[in-house]
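Taking it in order: structure first as structure tokens, then the write-up.
Order of the sequence lines sets the chain letters (A, B, ...), proteins ahead of strands, with each chain counted from 1.
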Protein chains: 2
Amino acid sequence: MLNELAPIELIAILAAVTDNQPRVMTLRGGEALPSGPFESSHRSLQSGLRAWIEAQTGHPVGYLEQLYTFADKDRDPRSEYAAASQRISIGYLGLVREQDAAGAGHPAWHSWYQYFPWEDHRNRSPEQLPRITKRLIVWAGDDPMRIQRVDYLFGLNGKAWNEELVLQRYELMYEAGLVDGAEFGRPMASDNRRILATGISRLRAKIKYSPVVFELMPESFTLLQLQRTVEALSGLHLHKPNFRRQIDQQELVEETSEVSSGASGRPARLFRYRPAILEARMLSGARLPLSRS
Amino acid sequence: MLNELAPIELIAILAAVTDNQPRVMTLRGGEALPSGPFESSHRSLQSGLRAWIEAQTGHPVGYLEQLYTFADKDRDPRSEYAAASQRISIGYLGLVREQDAAGAGHPAWHSWYQYFPWEDHRNRSPEQLPRITKRLIVWAGDDPMRIQRVDYLFGLNGKAWNEELVLQRYELMYEAGLVDGAEFGRPMASDNRRILATGISRLRAKIKYSPVVFELMPESFTLLQLQRTVEALSGLHLHKPNFRRQIDQQELVEETSEVSSGASGRPARLFRYRPAILEARMLSGARLPLSRS
DNA sequence: TTCGATGTACTCGATTCGAGTATAAATGGA
DNA sequence: TCCATTTATACTCGAATCGAGTACATCGAA
């Protein structure tokens with residue numbers, strides 16, 4: 001049998017946090033993620049993707065982690081490619097400290113809550129959420145499986161909201177026909193929004209047992225800045241004393257001799273990530289607290 | 001630029017547990033994993049791999065989960081393909097209830113501890129482990145980073161053994177040149193042993209927060225059988241009272257009216273996995289206890 | 001100097017978890 | 001028959017963790 005495979009596509013979810021907003025790097029007016037074909041000149045998948053990101057966004061990337069490999073049929077059944085050739089996309093999650101981007105394809109940072117407004121639970125519940133759940137309950141009808149899924153994914157009927165289930169919520173809304181137009185969240189080209197949801201899910205899960213947050217932090221930072229970053233990513237409001245307790249119990253950071261300046265309120269001590277502990281925590285797991293309010 | 005990509009390879013780690021041994025399906029006398037190229041006739045990556053598994057092992061597969069996508073350069077730099085074309089392999093983890101296999105390629109089940117003898121900590125520590133750590137300490141010399149890695153990965157100097165780090169341990173041993181020959185564990189063709197290590201790592205991590213174990217269990221089982229299965233997978237010895245406490249707290253199983261027979265000792269009640277809870281636990285996370293001894 | 005915002009230190013109770021102990025019920029061999 | 005063995009099952013106890021709340025300190029700015 002002949003292999004008529006289309007080129008393999010590398011695609012990146014590039015995340016940063018600025019002004020307490022989690023942001024994702026987009027192209028073409030915010031409707032696409034950086035991507036490009038894997039070519040035989042690339043030494044590896046990672047280095048190939050790095051080259052594409054540099055070219056399209058002019059932004060250097062530090063941390064880069066493989067997410068998932070999508071095939072067309074697994075992706076969007078409505079795609080024009082579905083019946084033709086099988087395209088394979090390998091998705092990666094990259095973490096950077098935000099800088100201005102200038103590259104081909106009009107790179108721009110957008111808050112990822114533009115695409116998933118229902119995922120931001122930092123202050124109360126998002127406005128759109130009641131309308132979404134109402135529509136979902138109608139969609140579920142009296143099918144017990146559907147009702148159970150809606151309840152667990154959206155924290156209804158006494159179930160707790162689980163911030164990690166970004167992808168599953170998006171897929172449920174997709175099934176229920178709520179993400180076709182622009183009514184709930186900003187759309188993206190083909191299935192890029194689903195790939196973004198995959199990345200957010202992974203990142204929200206990962207900050208709980210791995211010190212990846214520090215990839216997003218500047219050299220030195222206050223503990224509140226660190227907390228606000230974790231809150232931005234997880235979409236949850238955290239309990240300040242508990243957050244600080246965990247951070248120093250884990251000995252993830254060490255004091256610098258400096259203090260913050262400029263902002264109002266009492267100046268805070270500046271901390272830096274402990275470089276010596278890096279490898280060790282990467283392996284054995286550093287827990288970040290995610291208690292509510 | 002021309003794309004001279006070799007076909008995409010699908011590769012499976014098929015796991016089962018019988019006689020308290022975790023087993024993996026192999027071909028060609030235990031030196032290779034089931035695999036085959038992704039073809040344009042396949043409807044999806046998963047269904048393509050299912051077809052290859054059926055053909056090569058004659059074994060039906062239920063649960064199948066994507067693991068990781070490897071490119072040659074990411075894999076084994078010594079490979080003959082490294083300088084030629086870029087071959088991509090997509091690895092999957094499949095869970096089955098073991099049956100006799102009969103297909104092309106001489107399918108056979110092997111305990112995965114044949115390939116990783118140092119990973120079985122159910123009774124004392126494995127014999128080979130002292131020899132391995134001795135060699136690693138020599139390799140580390142006085143490089144503090146290397147010493148730290150060895151300590152954390154192999155539970156030395158007061159660090160605890162973390163059973164999930166199968167892949168990281170294998171890669172450290174690879175760097176130290178301990179897995180070239182057959183001295184430590186049985187070798188496999190090309191980098192199949194590393195892919196197997198990836199699968200074991202993922203499965204050991206996953207049984208802690210997801211009820212995937214039940215994919216490996218028969219219809220009804222005693223709580224001790226369930227515990228022995230978890231122990232086989234994790235390579236740890238568990239505390240019986242605590243294990244049972246967690247199982248019924250989680251309400252993962254329900255009693256059948258039957259009791260076990262045949263074995264010596266007091267007959268045990270038979271349980272079955274609660275089908276109603278399936279979807280819910282899949283989403284929100286079911287914890288299995290992994291306390292030592 | 002008072003307000004507002006932030007930083008920092010403590011307390012308390014609920015839950016979880018590792019570890020140990022004790023007892024019950026069956027089998028099989030002496 | 002009875003006892004040793006094996007497995008099942010129930011209970012206890014202390015340490016650690018975690019969510020939640022309270023109190024107080026310290027700065028800048030109005």
In this structure, how many angstroms lie between the [atom2] atom of [N] and the [atom1] atom of [X], rounded?
X      : N      : atom1 : atom2 : answer
B:H237 : C:dA19 : NE2   : P     : 11 Å
A:F221 : C:dT6  : CZ    : P     : 18 Å
A:I247 : D:dC18 : CD1   : C1'   : 15 Å
B:D248 : D:dT9  : CG    : C1'   : 10 Å
B:N242 : D:dT12 : CG    : P     : 15 Å
A:Q249 : C:dC10 : CD    : P     : 14 Å
B:E231 : D:dT7  : CD    : P     : 12 Å
B:F243 : D:dA10 : CZ    : P     : 15 Å

- Message: For A:F221 together with A:F271, are the ring centres under 6.0 Å from each other?
- Response: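 That pair fails the under 6.0 Å test.
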- Task: May I ask you to verify if any side-chain N or O of B:R269 is less than 4.0 angstrom from the OP1 or OP2 atom of D:dT9?
- Result: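 For B:R269, the contact criterion (side-chain N or O under 4.0 Å from OP1 or OP2 of D:dT9) is met.
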- Message: With nearest nucleotide decided by heavy atoms, which residue, A:F271 or A:R245, maps closer to the 5′ end of DNA chain C?
- Response: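 Nearer the 5' end of the strand: A:F271.
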- Closest-nucleotide 5' rank along DNA chain D - winner of B:T222 and A:P241: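 Comparing both residues, the 5'-ward one is B:T222.
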- Of the candidate nucleotides C:dA19, D:dG21, D:dT9, which contains the atom at the shortest distance from the side chain of B:K240?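 Output: D:dT9.
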- Query: Taking the side chain of B:R244 as its heavy atoms from C-beta onward, which of D:dA8, C:dT8, C:dA9 lies nearest to it?
  - Reply: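 Given the options D:dA8, C:dT8, C:dA9, the side chain of B:R244 is closest to D:dA8.
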Side-chain ion pair, [X] and [Y], N-O less than 4.0 Å:
X      : Y      : result
B:E119 : B:R204 : yes
A:R202 : A:E65  : yes
A:R272 : A:E255 : no

- Query: Short question: side chain of A:S201, backbone of A:T198 - any donor-acceptor pair under 3.5 Å?
  - Reply: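 Checked: no pair found.
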- Give B:L224 one of three labels, base, sugar-phosphate or nothing, depending on what nucleic acid heavy atoms sit under 4.0 Å from its own.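 If one applies the 4.0 Å heavy-atom cut-off, B:L224 turns out to touch the sugar-phosphate alone, with no base involved.
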